Amino acid sequence: MFCRPEESGIYLDSDKQDYSSFDKIFGTKSTNEDIYQFFKNNLNCIQNVLDAYNTSIITYGQALIGKSSTLLRDQATQNQDADIGLLIRLSNELFEKLEKEKTEKNTKYVVKLNMFEVSMEKIYDMLATDEKKKSLKLHHENNKLEYTVKDLINKVISSTDDIISQMRDVSKRRQVDSKKQTRSTTHLFVKLNVEQRNVADETLKIGNLLLVDLCGSNPLDKEKDKKIASSDEVKKINSEIKAVDHVIKMLHEHQTKHPNDNTAHSVPYRDSSLTKLLISSIAGNSVTTFLTCCSTDKIDEMDSINSLKTCSIVKKIHTQIYPNIVGLHQKKKMSLLYKNMKTKEENYLKRIKQLEEERNTFRETYDK
């Protein structure tokens with residue numbers, strides 16, 4: 001081992017920088033259940049979705065280290081005692097709470113699922129049944145940060161079993177096998193759109209749970225990986241990986257230099273389809289968690305340190321979140337608008353007060 005994972009951080013057995021800026025460290029003996037309990041009790045993941053906040057979980061780290069199994073594993077892929085992944089556990093919690101809301105508050109809900117993968121700058125719908133893959137296009141509205149995928153299939157689902165059924169078909173097509181050392185060269189996006197309509201409150205809440213399984217952050221090698229990708233494909237895949245790291249670095253620099261500028265216009269996220277799809281989670285209206293998988297083996301030291309460096313930067317990036325709640329009637333819409341304006345006004349007044357106090361402090365210092 002080249003490092004010591006502890007509760008408060010990753011400590012390197014060398015003179016290199018330690019990493020202790022993470023919310024939680026899970027050691028080699030931790031299970032997916034341990035990780036799920038943290039997402040449930042500490043990060044309030046599903047409750048955020050039910051409260052109409054967009055929520056994202058992004059796996060990051062070198063290939064063949066456990067990202068896909070942590071996020072997507074289900075019992076059929078292993079055995080009945082398998083440590084099922086976050087998607088299934090979070091889905092179970094989601095439907096359990098939705099049924100409770102339906103009984104107690106007479107809330108009607110609809111859950112829609114879509115899945116797509118990004119492969120060498122092209123986007124493919126993983127729910128499409130066509131034998132021939134058709135590349136989809138991105139849609140972007142002016143003055144908006146978010147990009148959406150056009151013509152994406154939305155399937156209405158009513159239980160976790162529906163998700164498991166779709167995921168098994170997707171897993172076969174992705175052909176990821178850590179035991180055979182077969183790394184994925186694509187990035188998988190799984191999105192649950194949750195709509196809750198409450199007639200009594202006259203509100204419609206819309207929350208999204210987005211899970212992103214990025215392929216390995218360590219670059220492919222033309223010679224070692226020629227069985228899974230050609231030379232041209234290796235270049236494109238490595239370019240996607242570098243684009244993500246570059247956007248994260250530039251976004252942090254932009255927020256450090258211009259803390260009051262939320263436009264992110266100087267961040268090069270338009271350089272790649274992958275970064276266009278990730279930018280709303282990394283810098284937009286989303287409660288986002290990076291789940292970083294690292295190896296403690298000496299042979300993987302460089303790849304693990306690179307992952308730790310990138311995600312210690314991610315921790316310093318701030319997003320501005322707001323709930324996606326709309327009124328069902330004009331009166332309720334106006335009420336919500338007024339409430340939002342009051343909140344903004346209060347924030348402005350707090351900021352003015354803070355600036356006035358700073359001004360007075362400077363005056364006192366100058367007078368002395």
Side-chain angles (χ1 to χ4, degrees), residues 6-12 15-25 38 42-45 47-48 51-56 58 140-146 207 244-271 275 278-290 292 308-327 332-368:
E6 297 181 10
E7 182 89 13
S8 57
I10 305 290
Y11 300 96
L12 307 189
D15 57 356
K16 297 185 179 72
Q17 176 187 351
D18 294 331
Y19 296 90
S20 57
S21 62
F22 305 111
D23 293 305
K24 178 70 175 175
I25 306 295
F38 185 77
N42 297 73
L43 302 181
N44 302 313
C45 185
Q47 191 56 51
N48 284 336
D51 291 338
Y53 290 100
N54 295 330
T55 305
S56 302
I58 302 172
H140 182 238
E141 293 183 18
N142 291 333
N143 301 321
K144 282 194 175 182
L145 193 66
E146 183 180 7
V244 173
D245 291 344
H246 187 52
V247 163
I248 289 171
K249 182 181 178 181
M250 293 301 294
L251 183 61
H252 173 243
E253 288 183 4
H254 173 77
Q255 290 192 352
T256 302
K257 294 177 181 177
H258 309 284
N260 298 320
D261 182 4
N262 300 315
T263 58
H265 53 78
S266 62
V267 179
Y269 62 87
R270 296 183 182 88
D271 291 352
T275 49
L278 287 174
I279 193 64
S280 59
S281 294
I282 299 175
N285 178 29
S286 176
V287 183
T288 300
T289 302
F290 264 64
T292 311
L308 291 169
K309 281 181 180 177
T310 299
C311 288
S312 63
I313 294 173
V314 169
K315 187 71 171 64
K316 299 173 185 176
I317 294 174
H318 301 286
T319 58
Q320 293 206 348
I321 59 169
Y322 51 86
N324 304 299
I325 304 176
V326 296
K332 188 64 178 181
K333 288 179 181 179
M334 292 301 296
S335 175
L336 289 170
L337 179 63
Y338 176 75
K339 185 177 180 181
N340 288 335
M341 292 298 291
K342 286 291 290 182
T343 302
K344 288 182 179 180
E345 183 184 7
E346 289 173 3
N347 290 334
Y348 286 134
L349 290 173
K350 286 179 182 177
R351 180 60 177 157
I352 290 170
K353 185 178 180 181
Q354 181 184 1
L355 290 171
E356 286 177 343
E357 289 175 354
E358 289 179 5
R359 180 200 62 191
N360 293 336
T361 302
F362 284 131
R363 282 179 174 175
E364 290 175 5
T365 306
Y366 180 78
D367 291 341
K368 288 179 182 179

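Keep in mind that what you see is a predicted model, and the values were worked out from it rather than measured.
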> Nearest 0.5 Å, please: how far is CD1 in Ile325 from OH in Tyr53?
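Tyr53 atom OH to Ile325 atom CD1 measures 7.0 Å (nearest 0.5 Å).
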> Got a second to check how far Thr310's OG1 is from Lys315's NZ, nearest 0.5 Å?
16.0 Å
> His140: what forms a side chain to side chain contact (heavy atoms under 4.5 Å, CB included) with it, not counting sequence neighbours?
Tyr147
> Of all residues at least two apart in sequence or in a different chain, which pass the side chain to side chain contact (heavy atoms under 4.5 Å, CB included) check with Asn44?
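Testing Asn44 for side chain to side chain contact (heavy atoms under 4.5 Å, CB included), a comparison that skips the adjacent residues, returns Gln47, Asn48.
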> Mind checking salt bridge (Lys or Arg N to Asp or Glu O under 4.0 Å) for Glu141 and listing every partner two or more places apart, or none if nothing turns up?
Lys144
> Looking at every heavy atom in both Ile58 and Ser281, which two are closest together, and how far apart are they?
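Here Ile58 and Ser281 meet closest at CD1-CB, 4.2 Å.
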> About how many Å separate OG1 of Thr275 and CD1 of Ile282, when rounded to the nearest 0.5 Å?
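Rounded to the nearest 0.5 Å, the CD1-OG1 separation comes to 8.5 Å.
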> Do Gln255 side-chain atoms and His318 backbone N/O form a donor-acceptor pair below 3.5 Å?
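Flag set: sc Gln255 to bb His318 pair under 3.5 Å.
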> Roughly how far, to the nearest 0.5 Å, is the CG atom of Asn324 from the CG atom of Asp51?
11.5 Å
> How many angstroms lie between atom CG of Leu251 and atom OH of Tyr269, to the nearest 0.5 angstrom?
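One finds 10.5 Å between CG of Leu251 and OH of Tyr269.
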> For Cys311 versus Phe290, what's the shortest heavy-atom pair and its separation?
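Smallest interatomic distance, heavy atoms only, reads SG-CD2, 3.9 Å.
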> Any idea which heavy atoms bring Cys45 and Thr55 closest together, and the distance?
SG-CG2, 3.8 Å
> Rounded to the nearest 0.5 Å, what's the gap from CG on Asn54 to CG on Asn285? Could you check?
5.0 Å
> Which residues pass the side chain to side chain contact (heavy atoms under 4.5 Å, CB included) test with Ile313, not counting sequence neighbours?
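Ile248, His252.
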> Please list, chain by chain and in numerical order, all residues satisfying side chain to side chain contact (heavy atoms under 4.5 Å, CB included) with Phe38, sequence neighbours excluded.
Asp23, Lys24, Phe26, Asn42, Leu43
> Tell me, please, which residues at least two apart from Thr288 pass side-chain hydrogen bond (donor to acceptor under 3.5 Å, both in side chains).
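side-chain hydrogen bond (donor to acceptor under 3.5 Å, both in side chains) check on Thr288 returns Ser286.
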> Contact between Glu253 and Lys249 at the side-chain level, heavy atoms closer than 4.5 Å - yes or no?
yes
